[in-house]
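Okay, structure first, notes after.
Quantities reported herein were computed from a predicted structural model and do not represent experimental measurements.
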Amino acid sequence: MPPNFIRTIITADMETNKYGGRVNTRFPPEPNGYLHIGHAKSICLNFGLAQEFGGRCNLRFDDTNPLKEEEEYIQSIQEDVRWLGFDWEDRLYFASDYFVQLYEWAVQLIKTGKAYVDDLTADEIREYRGTLTKPGKESPYRNRSIAENLALFEQMKNGKFKNGEKVLRAKIDMNSGNLNMRDPVMYRILHASHHRTGDKWCIYPMYDWAHGQSDSIEKITHSICTLEFEDHRPLYDWFIQNLGIHAPQQIEFARLELTRTVLSKRKLLKLVQEGMVDGWDDPRMPTISGLRRRGYTPESIRDFCERIGVAKSNSVVDLALLEHCLREDLNKRAPRVMAVLRPLKVIIENYPLNQIEELEAVNNPEDPGMGTRKLPFSREIYIDQDDFRENPPKKFFRLAPGQEVRLKHAYIIRCEKVIKDEKTGEILELRCSYDPATRSGDDPGGKKVKGTLHWVSLQQAVPAEIRLYDHLLDNPVSDDAGEEPDFLAPINPHSLEILQSFVEPSLKTAAAGSRFQFLRQGYFCVDSKFTSPNKLVFNRTVSLRDSWAKIEKSQGSEEK
RNA sequence: UGGGGUGUCGCCAAGCGGUAAGGCACCGGGUUUUGGUCCCGGCAUUCGGGGGUUCGAAUCCUCCCACCCCAGCCA
């Protein structure tokens, strides 16, 4: 376990017995969207820390704004946390469960002269708040009597007022350099139905008023949150102190940012709403459900979260690291199969007509325990268009006129002739010859060739739709570029490419969600949404590293 | 110009007064019936900058610079 500053703090707290040797964290999402990879960092941190120190981690929904929250999100969030591999056991909580307690505490603060009902409008409150450099002004309603505040607050609760007519504010300090301390709003009037409490309430606590107390109620020891709440901490401490209740320790860390994508619920919601993607679980989305559908494993995401570390400096992690974690995991577990993405027909002229051989193929060279399977081989096969060049560049070890290659698990073939469309010049098929003495496994010390191709026997090939994904965004955009209306402008128009391909027959009954390595190409999984009994659809999870592409690229630049 | 933070290799990130971990990326080389995997090697005389303390500083002091967050009845 690599050290990080939070582990260091908790370790020290354990040594000093600060919380009686107890560690209780929590993951507190608002159910207003789907979870994404950034949340995964927080989930892994909170649940991971609890596990590591023999403590517990709660799942609590911070559902204090009925205008934005939905049941659908509550379900998806639970599914995603579970899928990531974490268990909150019986500790599923909702801030809305604490509404009564919160109300009573608000009354308590009014009674001690620490809170008051304000009649100022939203605009007026903003004006009175002052600016970053100018202190605020006290509201004319700030010094109402306790009795009047009590009566007014109760009337607020009882629905006597319209939305926005009054708020309850904490009475702290309008001159504070920290704007959060300039009499923050605790309750607003919202005549809205809540997904859990229905119409019971028409006043709802603000996050700042609900969050710290919710942590306190749950006896949280370490309340881990992101950097932007750092200057809310004095406010949370103020509430806790004036209420005289259990004080959790808040620790802030930098949220995750990833290159080539956007991690903001607001923007992801927009992508969904504008129909620019196929829902929250579109395989291009950085959401947990999107990554799951794309074929990511929970193990790889957890590994990623461990490797990026936890610190307080704002940073942008290279997507390449996530992909590395994925490949590393999939390399060990994904069965190898053959699929031809862009088919090119090859006829092996000296191979007997109508003969079909069943060749043996290992399922995973990384794990002999995964066994072998039979592959049909015949006179007509498909290879990938990329594996043939009529005029091969230097170091092109694949097929070209007169050149030899090994067909994986089969024979060595030589390209004898290229059949082209007379008019367009398009390459229609290749005529090859094979060397019967080179059958895979039967030619010890036989001839060596530099290239090995994947292929599929034409007769037995199973048609499949293959979806190739590219980064959603052409260029990384900063998260706050989102205030501009056209923040979606850099969306990559080629982020999805759909191919009609052929896969080997063993894949015919592949289960939805199952993952494979298509030899020499990448990792793919059976799409769980578009696959049907008569249509196989694969998502490319991530390509294999491609050093030929690099060589070719550098050759190209040399020529310039 | 107020308050709160952060600055260590292209990207993350350890380090907490004893002379710069690790990962990703990148660049070589080896193995290979996946141009995959794996293996081996390279990759910060320097820690935002200037002063200072010390035998010794990325670590302590000091001044400066840069960047991020805060003016929702959002979270």
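By the 4.0 Å N-to-carboxylate-O rule, D386(A) lies too far from R398(A) to be salt-bridged with it. Ion pair D183(A)/R142(A) flagged as a salt bridge, since at least one NZ, NE, NH1 or NH2 atom sits closer than 4.0 Å to an Asp/Glu carboxylate oxygen. The pair R60(A)-D97(A) does not count as a salt bridge, with every side-chain nitrogen at least 4.0 angstrom from each carboxylate oxygen. Taking 4.0 Å as the cut-off between side-chain N and carboxylate O, R520(A) and D387(A) count as a salt-bridged pair. Residues E299(A) and K332(A) are not paired through a salt bridge, judged by the lack of any N-O separation under 4.0 Å between the basic side chain and the carboxylate. Under 4.0 Å is where a charged nitrogen must lie from a carboxylate oxygen, and between R255(A) and E228(A) at least one such pair does.
Residue contacts shown for P29(A) are absent, as no nucleic acid heavy atom lies under 4.0 Å away. Residue H454(A) is out of contact with every strand shown, counting any heavy-atom pair closer than 4.0 Å. Residue-level contact check: L132(A) touches the bases, meaning some heavy atom is under 4.0 Å from a base atom. Nucleic acid contact for R233(A): none, since no nucleic acid atom lies under 4.0 Å from a heavy atom of the residue. Using a 4.0 Å heavy-atom cutoff across all strands shown, E230(A) reaches sugar-phosphate atoms only and no base atom. M181(A) comes within 4.0 angstrom of nothing in the nucleic acid, heavy atoms only. Within the 4.0 angstrom heavy-atom criterion, base atoms lie near H409(A). Here F229(A) lies in heavy-atom contact (under 4.0 Å) with a base. At a threshold of 4.0 angstrom between heavy atoms, the contacts of E323(A) with the nucleic acid are absent. Looking at heavy-atom distances under 4.0 Å, I125(A) makes contact with a base. Nucleic acid contact class of L120(A) (heavy atoms, under 4.0 Å, all strands): base. Across all strands shown, R182(A) has no heavy atoms under 4.0 Å from either base or sugar-phosphate atoms. Residue contacts for F161(A): at a heavy-atom cut-off of 4.0 Å it reaches no nucleic acid atom on any strand shown. Across all strands, V449(A) comes closer than 4.0 Å to no nucleic acid atom at all (heavy-atom distances).
Here the separation of C26(B) from C67(B), taken at their C1' atoms, is 27 Å to the nearest Å. Here the separation of G72(B) from C65(B), taken at their C1' atoms, is 33 Å to the nearest Å. Taking the C1' atom of each, A58(B) and C40(B) are spaced 31 Å apart, rounded to whole Å. Rounded to a whole angstrom, the distance from the P atom of C39(B) to that of G23(B) is 11 Å. Taking atom C1' on both G49(B) and C12(B), the two are 24 Å apart, rounded to the nearest angstrom. C64(B) and C69(B) are spaced 22 Å apart, taking the C1' atom of each and rounding to whole Å. With both ends at atom P, the span from U45(B) to G22(B) equals 16 Å, rounded to whole Å. Comparing C11(B) with G18(B), their P atoms sit 28 Å apart, to the nearest whole Å.
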Residues 308-319 of chain A side chain polar contacts: donor-acceptor under 3.5 Å, at least two apart:
| unit_1 | atom_1 | unit_2 | atom_2 | d |
| --- | --- | --- | --- | --- |
| K312(A) | NZ | E230(A) | OE2 | 2.4 |
| D318(A) | OD1 | A320(A) | N | 3.0 |

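OP1 or OP2 of A13(B) lies within a sub-4.0 Å distance of a side-chain N or O belonging to S315(A). Here T64(A) does not reach the OP1 or OP2 of C74(B): none of its side-chain N or O atoms lies under 4.0 Å away. At G2(B), none of the side-chain N or O atoms of S176(A) fall inside 4.0 Å of OP1 or OP2 (strictly under the cut-off). In this model, the phosphate group of G72(B) is approached by a side-chain N or O of R129(A) to a distance below 4.0 Å at OP1 or OP2.
Side-chain atoms of R327(A) and S543(A), non-hydrogen and from C-beta on, do get closer than 4.5 Å to each other. Side-chain atoms of L544(A) and Y523(A), non-hydrogen and from C-beta on, do get closer than 4.5 Å to each other. F153(A) is not listed as a side-chain neighbour of Q155(A), based on a closest heavy-atom distance of 4.5 Å or more. In this structure, the side chains of N32(A) and N65(A) stay at 4.5 Å or more apart for every pair of heavy atoms.
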Requested in this report: Could you encode protein contacts along nucleotides 19-25 of chain B as a string, one character per nucleotide from 5' to 3', using B for base contact, S for sugar-phosphate-only contact and - for no contact, with a heavy-atom cut-off of under 4.0 Å?
Outcome: ----SSS
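The nearest whole Å value for the distance from the CZ atom in R188(A) to the P atom in C74(B) is 5 Å. The nearest whole Å value for the distance from the CZ atom in F397(A) to the P atom in U34(B) is 13 Å. When rounded to the nearest whole Å, the span between CG of L179(A) and P of A71(B) equals 7 Å. Residue R255(A) contributes atom CZ, which lies 15 Å from atom C1' of G5(B) at whole-angstrom precision. Going from atom CZ of F524(A) over to atom C1' of U34(B) covers 13 Å, rounded to whole Å. Rounded to whole angstrom, the span from the CZ atom of R520(A) across to the P atom of U37(B) amounts to 14 Å. Distance D546(A) CG to U34(B) C1': 11 Å, rounded to the nearest Å. Between the NE2 atom of H232(A) and the P atom of G5(B) there is a distance of 13 Å, rounded to whole Å.
Counting only heavy atoms from C-beta on, N178(A) has its side chain closest to G3(B) among G3(B), C68(B), A75(B). Here the nucleotide nearest the side chain of N331(A), chosen from U37(B), C73(B), C69(B), is U37(B). You'll find that the side chain of T452(A) is closest to U34(B), out of C68(B), U34(B), A75(B). Of the listed nucleotides (A75(B), A71(B), U6(B)), A71(B) has the atom at the smallest distance from the side chain of T131(A).
Along RNA chain B, the nucleotide nearest L190(A) and the nucleotide nearest I551(A) are compared for position; the residue whose nucleotide lies closer to the 5' end is I551(A). Annotation: of the two residues near RNA chain B, A311(A) and E30(A), the 5′-most nearest-nucleotide partner is A311(A).
Judged by a 6.0 Å distance limit and a 45° cone about the ring axis, R26(A) is not positioned over the six-membered ring of Y93(A).
Partner assigned to U45(B) is none, using Watson-Crick or G-U wobble distances below 3.5 angstrom. Across all strands shown, A66(B) forms a Watson-Crick or G-U wobble pair with U6(B), both key distances being under 3.5 Å.
No hydrogens or angles were tested; on distance alone, a donor-acceptor pair under 3.5 Å links the side chain of E366(A) to the base of G36(B).
G42(B): glycosidic angle beyond 90° from 0, hence anti.
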